[in-house]
Trainee: 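Let me begin by handing over the structure; questions about it come next.
To find a chain, count down the sequence lines: A is the first, B the second, and so on, and within it residues start at 1.
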Number of protein chains: 2
Amino acid sequence: MTLTEENYLKALHRLSQNGESISVKRIAALLDIKMPTVNSMVKNLSEKKLIKYEKYKSIELTEKGRKQALLILRKHRLTELFLKDVMGLGWEEVHDIAEQIEHLQSDLFFNRVDEMLGYPKFDPHGEPIPDSHGRLPQLKATPLSLCQSGKKYQLSGVLNNDASFLTYLNSVDLQLGSQIEITAIQEFDKSMAVKLNGKIKTIFSALICQNLLVL
Amino acid sequence: MTLTEENYLKALHRLSQNGESISVKRIAALLDIKMPTVNSMVKNLSEKKLIKYEKYKSIELTEKGRKQALLILRKHRLTELFLKDVMGLGWEEVHDIAEQIEHLQSDLFFNRVDEMLGYPKFDPHGEPIPDSHGRLPQLKATPLSLCQSGKKYQLSGVLNNDASFLTYLNSVDLQLGSQIEITAIQEFDKSMAVKLNGKIKTIFSALICQNLLVL
DNA sequence: TATAAATGTTAGACTAGTCTAACATTTTTT
DNA sequence: AAAAAATGTTAGACTAGTCTAACATTTATA
């Protein structure tokens with residue numbers, strides 16, 4: 001598979017995640033590529049049995065295509081974790097580098113990365129890491145916004161990668177694995193009073209809660 | 001620069017290393033690409049002022065081209081060291097992976113690699129690692145195994161950190177900066193008769209010579 | 001030095017991935 | 001249900017990098 005095909009597969013997978021059906025227009029928008037270009041790539045991927053495609057109908061990944069996408073995702077997420085935990089880069093810095101490293105062809109390299117990380121199941125953004133056969137772990141992290149008052153959770157990821165958000169998390173010393181205890185939930189605006197790592201007390205707005213994944 | 005252009009520059013630099021002049025034929029052979037293809041790329045690189053080229057004449061890197069090549073070489077050699085020393089891969093395994101990683105665009109990544117390795121000046125073969133401006137350290141450390149009989153050298157590094165090797169060096173009172181004079185080279189097994197610090201006379205096996213870097 | 005061999009160059013074709021302009025179909029609105 | 005808007009498709013062009021076949025120049029050799 002070419003680098004370009006891999007990027008299309010990743011996009012296809014991402015679009016298939018949020019339930020809605022996949023259209024040429026949405027792929028084009030996501031990849032910032034014109035529709036006719038997407039159209040021809042869609043035909044190409046269809047010939048390779050990576051997607052199911054009929055003119056004017058919506059597009060779906062085949063099992064084969066989905067597996068390929070998950071294998072790329074695996075490399076991406078392992079890389080992000082490696083850059084952060086082994087190399088000490090910041091959350092906000094790792095994505096762009098991982099976008100490049102995910103295309104490396106070397107089982108040896110990624111297996112060693114996996115090993116050095118202790119075979120992790122989630123990446124720094126809380127996304128599950130597919131195994132080497134392209135299968136996903138069953139466990140799923142929950143947004144803090146759906147959690148209950150009076151309980152304790154562990155931060156397992158974030159749903160937003162904006163630098164401003166990540167900077168905020170750093171400012172309250174919140175990292176993967178940090179403990180979050182919900183002491184109260186404000187009914188009116190769904191903001192939460194929380195205690196972080198048993199120490200810092202603060203308020204999370206609803207927007208923040210929606211973007212924190214916990215276990 | 002494209003990945004392909006980078007590979008041509010690397011090849012050009014490598015060919016320029018061994019003194020002989022650079023021909024289309026030699027580039028083609030090294031990259032396993034047909035001569036007409038090389039010919040057109042040579043024109044392209046010439047337009048970009050990375051090489052000096054006139055029809056039927058031999059090819060030379062410009063200063064600009066040489067600098068670019070050295071920056072890629074820097075990334076390659078840092079990566080090899082990283083894969084070996086940080087990730088624990090074998091020396092024979094790292095080259096192919098480094099060939100891919102050297103094309104990553106991320107100063108952040110390579111600066112961190114450099115930092116984690118302690119800003120090394122030489123790779124384990126004694127090859128110099130260009131700095132981030134594409135400049136070479138002035139002096140080139142050479143494995144003792146490549147040195148000449150009858151000359152004097154200074155120990156500038158070792159390529160092996162096994163306790164047994166370092167203990168041996170201590171036992172003959174050899175330290176960084178110590179003088180090594182080669183008095184004879186045994187042709188059969190490449191072992192060397194040496195005089196250390198003008199005093200101790202002993203024999204270094206070929207293996208020892210390969211692991212001592214001198215200036 | 002004339003000819004043969006080696007090397008270099010040009011011309012033209014092909015693929016992957018991109019584009020714009022024009023046309024087709026489906027979906028939404030009136 | 002007709003018209004308008006949105007979306008999808010086709011046709012054809014362009015670039016980078018590759019190739020083969022044919023031609024040109026330089027170098028080596030008889």
Trainee: Answer whether the closest heavy-atom distance between the side chains of B/M192 and B/I182 falls below 4.5 Å.
Mentor: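 Sidechains of B/I182 and B/M192: in contact.
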Trainee: Applying a 4.0 Å non-hydrogen cut-off, can you work out what A/K43 is touching in the nucleic acid: base, sugar-phosphate, or nothing?
Mentor: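 Since only primed, P, OP1 and OP2 atoms lie under 4.0 Å of A/K43, the category is sugar-phosphate.
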Trainee: Checking the side chain of B/N111 only, and the main-chain atoms of B/D107 only, is there a donor and an acceptor separated by less than 3.5 Å?
Mentor: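 Indeed, once roles are kept as given, a pair shorter than 3.5 Å links the two residues.
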Trainee: Specify the residues of residues 28-42 of chain A, ordered by number, for which at least one heavy atom lies under 4.0 angstrom from an atom of DNA chain D.
Mentor: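 Those residues whose heavy atoms fall under 4.0 Å from DNA chain D, taken from residues 28-42 of chain A in numerical order, are A/M35, A/P36, A/N39.
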Trainee: Taking the side chain from B/N44 and the backbone from B/S40, do they hold a donor-acceptor pair closer than 3.5 Å?
Mentor: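 No, because the side chain of B/N44 does not come within donor-acceptor range (under 3.5 Å) of the backbone of B/S40.
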Trainee: Say you draw a straight line from NZ of B/K151 to OH of B/Y153; how long is it, rounded to the nearest 0.5 Å?
Mentor: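 Atom-to-atom, B/K151:NZ and B/Y153:OH are 5.5 Å apart.
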Trainee: State, yes or no, whether a side-chain contact exists between A/R74 and A/S132 at a heavy-atom distance under 4.5 Å.
Mentor: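 A/R74 reaches A/S132 side chain to side chain.
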Trainee: Measuring from atom OG of A/S46 to atom NZ of A/K55, what distance do you get when rounded to the nearest 0.5 angstrom?
Mentor: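 Interatomic distance, A/S46 OG to A/K55 NZ, rounded to 0.5 Å: 12.5 Å.
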Trainee: How close do A/F110 and A/L78 get, counting heavy atoms only, and between which atoms?
Mentor: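 That would be O-CD1, 4.2 Å.
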Trainee: Roughly how far apart are A/H95 NE2 and A/E102 CD, rounded to 0.5 Å?
Mentor: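 So the NE2 of A/H95 and the CD of A/E102 are separated by 7.5 Å.
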Trainee: Need to verify one output field. Residue with the more 5' nearest nucleotide on DNA chain C, A/T4 or A/Y56?
Mentor: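 This one resolves to A/T4.
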Trainee: Going 5' to 3' on DNA chain C, which nucleotide is the first and which the last to come under 4.0 Å of a heavy atom in chain A?
Mentor: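 Answer, 5' to 3': C/dG17 to C/dT26.
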